[in-house]
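Positions are given from 1 along the sequence.
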Amino acid sequence: MMRVLVLERDAAKRQRLRALLEDNAFEVFEATAAPGARQAHGNRVQTVLADALLLAEHDIIALAHPVPVILIAHAPSVGQAVECMRKGASDYLAWPCEPERLVAAVTAATSRFPNGATGTDDLSAFVGASPPVRELKERIHEAAAAAGPVFLRGEPGTGKELAARALHHASDRRYAPLIVLNCATTDEASIEPALFGYDVAPGEGGSGGLIGAAHDGTLLIKDIDLMPVAAQTRLVRLLDHGAARENNTSAGAQTTTDAAVRVVATSHQDLPQLAANGHFLDQLLDALGQTTLHVPPLRDRGDDVVQIAQAVLDRTSAKLNKPGIGFSAAALAALCNHPWPGNVRELKNTVERAAGLCDAPAIDTDLLPFDLSEGGTSAEPAPETTGSLEDFFVRFVLANQDQYTETELASQLGISRKSLWERRQRLNIPRRRTRKRGPRRPAAGLR
């Protein structure tokens, strides 16, 4: 059973949230003040649901870290939504919450948390039997028996994190934690202390950060290409010598981190090219390159598209209490013919949306966001107009993408260009045109 901590002062609202969650088979814990977010660790919950106003009083996202936090706003606004996005909220919902949207947000956040008991952390989660998937499963089993670092490469949305979880659960580290650091959603200045911990007094050792939290288990570093060079250097030292030890003050304060952890990294970038350009350390590239697994794009997986779509539909229709929904022959043909630039993530979102809208025995092509006459996706997605973080994002992008460059648009939203691109892919918002850009500058922190 998935566990959720409800952090809310108002007793009536707290009880309403509890009822909504328990009706959907979540185990619920309660707290009434922001410091109660620390209960997320003691009770091993997978998601925190909190009043957005608490973020101004205490950094509940930091208190709960790495457990994802969903913020609920009594008076939602674009400004508050952007601030929540900057702080790292998993989602942002308007009160009163629609039960379906609340459950979907909590389920999505829980499934992204590495310790979430979602039942998808093994190879059975890789639906399909195409040759590329069979090869990946074999390579995961081989890598699980080894002890060195592993690099998972593949396009966004292919399931690299799922592969990492499968690797962890197939190894002898399965009973220890799997901890995730997402470099794309973590402030650059926070990546190194998050990994290695903060300075402490001499003789007391170090807090160990996420590496310490993953002791005897697996540390998954997502989008490692965005890791600052200083953190890369310490990671190389950790992998080479078994500990990261540095004197950081004149008084001799130091941080020490045990390397009894397996490092798994992911990226969709060309790391050798980044290394050639001085943006990624050769030593770290060599360490990760010892075991490299390729997660195939959906377009190379043939009939797996149908199997994945049906698996997602079965799960979603059961959740929505719409048993027995299928696909029409035309819808199946459209799914098979679509190029899926967003890969499995795009397919999952497409099927879940269609299932939610379907009021017939089968999903037909009118519920798919494809322009079948042109063989592509529609230029204008039509999200529901509610107060969620994703809705604010969609509306802002559609309203401003013609007057801003991608860099300017990302800056307005308070996110990186990479995050903007990934959200476009996930939410199916294609770029309509591109303004002329000046010379590109190196990203902050890269040489």
Side-chain angles (χ1 to χ4, degrees), residues 130-133 135-136 139-140 142-143 148-164 166-167 180-186 188 191-192 195 219-236 238-240 262-301 339-346 405-407 409-410 415-426 430-431 434 437-447:
S130 63
V133 168
E135 180 181 354
L136 175 62
R139 293 293 310 280
I140 286 176
E142 293 170 0
V150 175
F151 175 53
L152 290 162
R153 63 184 178 90
E155 298 174 7
T158 50
K160 297 186 291 297
E161 182 174 344
L162 190 62
L167 175 66
V180 177
L181 171 68
N182 189 338
C183 294
T185 59
T186 304
E188 185 178 292
I191 290 177
E192 186 175 355
L195 272 176
L219 173 68
L220 170 59
I221 304 176
K222 298 176 64 176
D223 296 302
I224 196 170
D225 52 282
L226 297 177
M227 178 180 286
V229 172
Q232 291 182 38
T233 301
R234 293 187 68 179
L235 184 59
V236 169
L238 183 75
L239 294 174
D240 286 348
R262 183 180 208 176
V263 174
V264 178
T266 74
S267 177
H268 65 268
Q269 298 289 345
D270 185 342
L271 293 189
Q273 186 60 52
L274 289 178
N277 293 336
H279 296 166
F280 198 80
L281 291 184
D282 289 321
Q283 302 96 311
L284 185 53
L285 178 64
D286 291 342
L288 296 175
Q290 294 177 18
T291 303
T292 299
L293 306 182
H294 175 62
V295 183
L298 187 55
R299 62 181 175 275
D300 292 346
R301 294 179 55 178
W340 299 112
N343 291 295
V344 177
R345 182 188 296 135
E346 182 189 357
T405 65
E406 290 296 279
T407 299
L409 197 59
I415 60 177
S416 67
R417 278 194 56 170
K418 176 185 175 63
S419 295
L420 173 60
W421 182 86
E422 289 183 340
R423 286 172 185 262
R424 280 186 178 276
Q425 297 298 310
R426 179 164 58 85
R431 293 174 59 183
T434 304
R437 291 166 171 77
R440 294 186 64 186
R441 293 179 295 177
L446 298 182
R447 299 185 301 178

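Among residue pairs with one or both ends in residues 275-291, none qualify as salt bridge (Lys or Arg N to Asp or Glu O under 4.0 Å); sequence neighbours excluded.
For Arg345 against Pro156, the heavy-atom pair with the smallest separation is NH1-C, 4.1 Å. Scanning all heavy atoms of the two residues, the minimum distance from Thr266 to Phe151 falls at C-CE1, 3.9 Å. Shortest non-hydrogen contact noted between Trp340 and Leu298 is CG-CD2, 3.7 Å. Closest approach of Arg153 to Lys160, counting heavy atoms only: C-CD, 3.8 Å. Scanning both residues, Thr291 and Pro149, for their nearest heavy atoms gives CB-O, 3.8 Å. Nearest heavy-atom pair across Phe280 and Leu288 is CZ-CD1, 4.2 Å.
Glu142 meets the salt bridge (charged side-chain N to carboxylate O under 4.0 Å, His left out) test with Arg139; sequence neighbours excluded. Residues that satisfy the side-chain contact (heavy atoms from CB on, under 4.5 Å) test with Ser130, not counting sequence neighbours, are Pro132, Val133, Arg301, Asp304. The side-chain contact (heavy atoms from CB on, under 4.5 Å) check on Gln283 picks up Val236, Leu281, with sequence neighbours excluded. The side-chain contact (heavy atoms from CB on, under 4.5 Å) check on Ala163 picks up Phe126, Ile140, Leu152, Val295, with sequence neighbours excluded. Listed by chain and residue number, Glu155 satisfy the side-chain hydrogen bond (donor to acceptor under 3.5 Å, both in side chains) test with Asn343 (two or more places apart in sequence, or in another chain). Taking the side-chain contact (heavy atoms from CB on, under 4.5 Å) definition, one finds that Asp270 meets it with Pro272, Gln273, sequence neighbours left out. Judged as a side-chain hydrogen bond (donor to acceptor under 3.5 Å, both in side chains), and not counting sequence neighbours, the contacts of Ser267 are Asp225.
With rounding to the nearest 0.5 angstrom, the CG atom of Leu226 is 10.0 Å from the CD atom of Gln232. Separating the CG atom in Leu238 from the OG1 atom in Thr233 is a distance of 12.5 Å, to the nearest 0.5 Å. How far CZ of Arg299 is from OG1 of Thr158: 10.0 Å, rounded to the nearest 0.5 Å. Going from atom CD1 of Ile224 over to atom CG of Leu284 covers 4.5 Å, rounded to the nearest 0.5 Å. The CG atom of Leu181 sits 5.0 Å away from the CG atom of Leu195 when rounded to the nearest 0.5 Å.
For the pair Leu235 and Ile221, the minimum side-chain heavy-atom distance is below 4.5 Å.
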* Stepwise side-chain contact (heavy atoms from CB on, under 4.5 Å) test for Thr185 and Asp223 -> CA-CA 9 Å; Thr185 59; Asp223 296 302; over 6 Å; no
Practice task
Dump the intermediate steps for side-chain contact (heavy atoms from CB on, under 4.5 Å) on Lys222 and Val180, then the final yes or no.
Solution key: CA-CA 7 Å; Lys222 298 176 64 176; Val180 177; 3.6 Å; yes
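Within the 3.5 Å criterion, the main-chain N or O of Gly148 finds a donor-acceptor partner in the side chain of Arg262.
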